[in-house]
Amino acid sequence: MQKDFLWGGATAANQSEGGWQADGRGPGIVDMLPHGPNRMAVMAGTMDYRSLPEDTWYPGREAVDGYGHYQEDIALLAQMGFRCYRFSISWSRIFPTGEETEPNEAGLRFYENYIDELLRCGIEPVVTICHFDIPLALVERYGSWRSRKVIDCYLRYCEALFRRFGQKVRYWITFNEINMLMHLPFMGAGIRLEEGENPVQVKYQAAHNELVASALATKLAHEIRPDIQIGCMLAAGSVYPYSCRPEDVWESLQKDRENYFFIDVQARGAYPSYAKKFLERQGIRLEMGEDDLTILKEHPVDFISLSYYNSRCVRADGQGEASGGNVFASAKNPYLTCSQWGWPIDPLGLRITLNALYDRYQKPLFIVENGLGAVDQPEENGEISDDYRIAYLNDHILAMMDAVDEDGVELLGYTVWGCIDLVSATTGEMSKRYGLVYVDKDNEGNGTLRRIPKKSFGWYRDVIAANGENLRREKQEKL
Ligand code: BGP
């Protein structure tokens, strides 16, 4: 691995900050995602959050109070020797309704202190501009990304960020897991589907608007500081055919394209032919501005970031057992074991995914999410021995190192997801923990919020210090 490889961790405002009304922040979509059985329907945009019962609990509103704990949290990251840290900015902290003419100074100051603290600790900030986050007022007023109006609001937000932080932050990601819009449209992009609407039309229109916004943000960033690096972000994980039946292979190619679509546009600057044909077959006409296609062409991203939790698998006949995974339903792969939440565990799949993406785009990649969601049980003495997490990270890091050192994939860095425990995006639970640092809080919101390093904390510190070579040595010794 290169000497300046960016080892680190990642969190996001929507799942860790809390402080939902602090310092003039306006409500955002995350504040309306409930705990419990209705969560999935609200995230999918099929249930209106306004119809939720009054006693509903919204775990994102307080989360793990990253807002109040950021100095302590950054100190812990520094102890692990983090070289970078990916976090997101809460849009409605900066523009409470999305439409103010001036940004909220208190919000900007919070992130300024945050970034300065990271830099003081020698940690490179990697900022996600929009991580499942949009001011609620834009959802109510314009139906979120279905309206082009939101492109202007997003750009005003980006401009405020680039002007204030552009000289301090080099790596920016325009949208987290942009393809999530297709699967959980409300969580991913604030899209609530109305009765009688064609969901495919609505989602692709919203996608188009986000893609144009992302390209315009890239343009703006480069104008403000030419060496800024802008990335797109994909919820990745190659789709395997269940068998070598050509029908299964064809199905897997189709499924991969559903997700690649976004990155094809953001990295290559044009709608791919298969997408044009698909839209034509569906009878979908996208509302486009005159210059949209030129904008997409002229402002591709600089790097491709991705989350990887698991590979996927499909069979054309739709038969057989289903499997869980990061949001997309999948056929059960009989060769893999699963996490407690039923997500397949496939380290080699990471190497496969990295190679597939690098072959396709020939741009630097950045793994900005990878990790294991598991229940942690503090022992009598308060220690948390998360050997299962260490095993997962160990195997994925080795697969990643093979992709770099053996296959020549250009990779900027690797960040462990949820490095400090946070609220799970899909389930709203605290018990689905990813952290190297434990946060004392339970699913009902009880706990002291105390931060406690887990066993994986020291393990990861050693990995960073050795640039991963210790894992290789240990593997060799075991052979
Ligand atoms: C990704 C998101 C994250 C994160 C992660 C794990 O989809 O970008 O926000 O939450 O998945 O998912 P979960 O929290 O549902 O286990």
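Just follow the structure's listing: the first ligand is 1, and inside any ligand the first atom is 1. Starting from 1, each residue takes its place in the sequence as its number.
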Please determine if Ala425 has a nitrogen or oxygen closer than 3.5 Å to a nitrogen or oxygen of ligand 1.
yes
Give the contacting part of Asn176 toward ligand 1: side chain, backbone, both or neither, where contact means a heavy-atom distance below 4.0 Å.
side chain
Could you tell me if Asp346 and Tyr240 have a donor-acceptor pair between their side chains, going purely by distance under 3.5 Å?
yes
Taking C-beta and beyond as the side chain, do Ile367 and His396 meet within less than 4.5 Å on heavy atoms?
no
Suppose I only count heavy atoms of Tyr309 and a 4.0 Å limit; which atoms of ligand 1 are within that range?
5 (C), 6 (C), 11 (O)
Sequence neighbours excluded, which residues qualify as salt bridge (charged side-chain N to carboxylate O under 4.0 Å, His left out) partners of Glu410?
none
Applying salt bridge (charged side-chain N to carboxylate O under 4.0 Å, His left out), name anything that partners Glu383, two or more places apart in sequence or on another chain.
none
Please find out if less than 6.0 Å separates the ring center of Phe175 from that of Phe262.
no
Where ligand 1 meets Ser424 - atom numbers and elements under 4.0 angstrom, heavy-atom basis:
13 (P), 14 (O), 15 (O), 16 (O)
With backbone taken as N, CA, C and O and side chain as the heavy atoms from C-beta onward, which portion of Trp341 lies under 4.0 Å from ligand 1: side chain, backbone, both, or neither?
neither
Can you tell me how the ring of Tyr157 sits relative to the ring of Trp91, calling it parallel under 30°, perpendicular over 60° and tilted otherwise?
parallel
Please compare Tyr434, Trp417, Phe132 and report which has the shortest non-hydrogen distance to atom 16 (O) of ligand 1.
Tyr434
Polar proximity ligand 1 side, Glu177 side, N/O cut 3.5 Å exclusive:
yes
